[in-house]
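Worksheet for the structure shown next.
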Amino acid sequence: MFVPYILPPVHVTRTVRSVCPARAGVAGLCAAHTCVRAEHCPSTWVLLVDIAGPCISSSSWEFVRKSHEMLLIEEKYKSIAKLLLSSGTCPRCVLRFCCVGSSAPYRLPYKNLADELQKFLSNDGDIAPPSKKVRLGDSEECRSETEITRDTDVNEAPQTCNLCLGILQHLCSTEFVKQIFHKVQSAGYEFQDFVFSVSLPPQLLVREHSAWLQAQEEMRRQDRLLEKADIIQLKEAYKWIIHPMISEELGVQAVSKSLFEVGVVFCHQDTDEDCHFLVTVCKDCFKPTKNKQSVFTRMAVVKALDKITDDDFVT
């Protein structure tokens, strides 16, 4: 299938610049300045995150008390979990594709979650560690490999996930939350609550579609179905993890509507071209407009994925 395993590591650039969306003035992370500046509307700002370089180290989660909480994965999804984990998908994205709708397992410390997932899957035999040559389409290879390295260094950064590109690995850590807090604090605004928004790069839709087709094929072997709507959205899982951490750090509650918005915008330039092949089969979905810098908007990619056939996508 389309999703590659070899990916660049993840990073968040450490400095700030101003950006100007139509709805409000905002501030974001880039490689130019070290100050926060809001324009037009002081109640909205966005943290612009470039996920393409050295990773931020993850740390323990204070709000998680027990690492042995149930993963809540149904037995019927075990083969999907094995397939995805063997092909370079992170444990939290495995939970998403196994339709785990509870926030508790996602909030487990990353290493603890990985260990618990290994224990859950070990009942039917070991699974292979991710191989740099493995792609999600190589399902026969994924199922045939049985060796696993369990003595991994706890402090070693995990391989970048081929679905979330590290968002659920490195960019929901305590360190990252502190970066958000410092940017908000330096802006000098007063607020009683806030709404938290997340913008994801459109190529993640292509990667998730690829993984869904592979997972769907695996479920059909069991005479079962996996509806795309049943998969937990990346944005939802991310908010489950980071919402309580940001609320605690800022000292105010995250709500659905507020005059103050904290937004995080993710981008990953190394995989921007993941969407480009869709133009060859869905040209009418990608029409240039004056207000858009790129035709590959999230909405355009969604329309293209709805139109493209499974066979054309796989090709």
Side-chain angles (χ1 to χ4, degrees), residues 1 3 5-7 58-61 64-164 166 168-170 172 208 210-226 230-232 234 237 240-241:
M1 300 288 285
V3 179
Y5 174 68
I6 302 176
L7 294 170
S58 57
S59 63
S60 60
W61 303 78
V64 178
R65 295 183 180 181
K66 298 181 180 179
S67 64
H68 60 275
E69 289 185 52
M70 294 288 289
L71 295 180
L72 304 179
I73 298 178
E74 295 183 45
E75 190 71 22
K76 65 182 179 180
Y77 296 123
K78 183 171 285 189
S79 61
I80 292 179
K82 287 186 176 183
L83 172 64
L84 293 177
L85 200 62
S86 297
S87 56
T89 303
C90 75
R92 290 187 177 119
C93 281
V94 170
L95 293 181
R96 295 195 299 114
F97 273 77
C98 292
C99 307
V100 176
S102 171
S103 61
Y106 296 90
R107 293 175 179 174
L108 289 172
Y110 188 88
K111 181 63 170 61
N112 292 17
L113 175 59
D115 290 343
E116 292 298 318
L117 189 57
Q118 291 283 7
K119 292 176 184 177
F120 171 75
L121 297 176
S122 64
N123 294 335
D124 293 335
D126 291 333
I127 61 173
S131 167
K132 291 184 178 180
K133 296 182 179 180
V134 171
R135 296 172 183 266
L136 283 178
D138 305 329
S139 54
E140 294 302 323
E141 293 180 24
C142 293
R143 285 192 295 274
S144 64
E145 295 182 16
T146 56
E147 294 183 7
I148 183 169
T149 304
R150 295 188 182 276
D151 297 328
T152 338
D153 185 355
V154 176
N155 297 318
E156 184 180 351
Q159 296 282 359
T160 302
C161 176
N162 54 10
L163 295 186
C164 70
L168 295 183
Q169 294 173 294
H170 315 295
C172 50
E208 291 210 355
S210 177
W212 170 65
L213 290 179
Q214 189 66 35
Q216 192 179 47
E217 181 182 344
E218 188 66 32
M219 290 295 282
R220 284 172 181 165
R221 295 190 178 97
Q222 309 173 35
D223 294 325
R224 299 177 184 271
L225 292 176
L226 176 63
D230 293 336
I231 298 171
I232 305 301
L234 172 58
W240 282 345
I241 299 169

For [X] against [Y], the heavy-atom pair lying closest together:
| X | Y | value |
| --- | --- | --- |
| Leu163 | Cys93 | CB-SG, 4.0 Å |
| Lys78 | Phe120 | NZ-O, 3.3 Å |
| Tyr77 | Cys99 | OH-SG, 3.6 Å |
| Val100 | Pro105 | CG1-CG, 4.1 Å |

Main chain of [Y], side chain of [X]: is a donor-acceptor contact present, judged purely on distance under 3.5 Å?
| X | Y | answer |
| --- | --- | --- |
| Ser87 | Leu84 | yes |
| Gln169 | Gln159 | yes |
| Arg96 | Ile231 | no |
| Arg224 | Met219 | no |
| Tyr106 | Leu168 | no |

> For Arg220, which residues count as a side-chain contact (heavy atoms from CB on, under 4.5 Å) partner, sequence neighbours excluded?
Replying inline: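 Gln216.
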Could you measure the distance from the [atom1] atom of [X] to the [atom2] atom of [Y]? Nearest 0.5 Å is fine.
| X | Y | atom1 | atom2 | answer |
| --- | --- | --- | --- | --- |
| Leu95 | Ser102 | CG | OG | 10.0 Å |
| Ile73 | Leu117 | CD1 | CG | 5.0 Å |
| Asp223 | Leu225 | CG | CG | 9.5 Å |
| Asp230 | Cys98 | CG | SG | 12.0 Å |
| His170 | Cys164 | NE2 | SG | 8.0 Å |
| Leu226 | Ile80 | CG | CD1 | 5.0 Å |

> Is there a side-chain contact between Gln222 and Ser79 (heavy atoms, below 4.5 Å)?
Replying inline: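 Yes; the side chains approach each other to less than 4.5 Å.
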> Yes or no on side chain to side chain contact (heavy atoms under 4.5 Å, CB included) for Arg92 and Tyr110, after CA distance, side-chain angles and deciding distance?
Replying inline: CA-CA 8 Å; Arg92 290 187 177 119; Tyr110 188 88; 3.6 Å; yes
> Taking NZ, NE, NH1 and NH2 as the nitrogens, is one of them in Asp115 or Lys111 under 4.0 Å from a carboxylate oxygen of the other?
Replying inline: yes
> Can you check side chain to side chain contact (heavy atoms under 4.5 Å, CB included) on Phe97 and Thr89, steps first, answer last?
Replying inline: CA-CA 10 Å; Phe97 273 77; Thr89 303; 5.9 Å; no
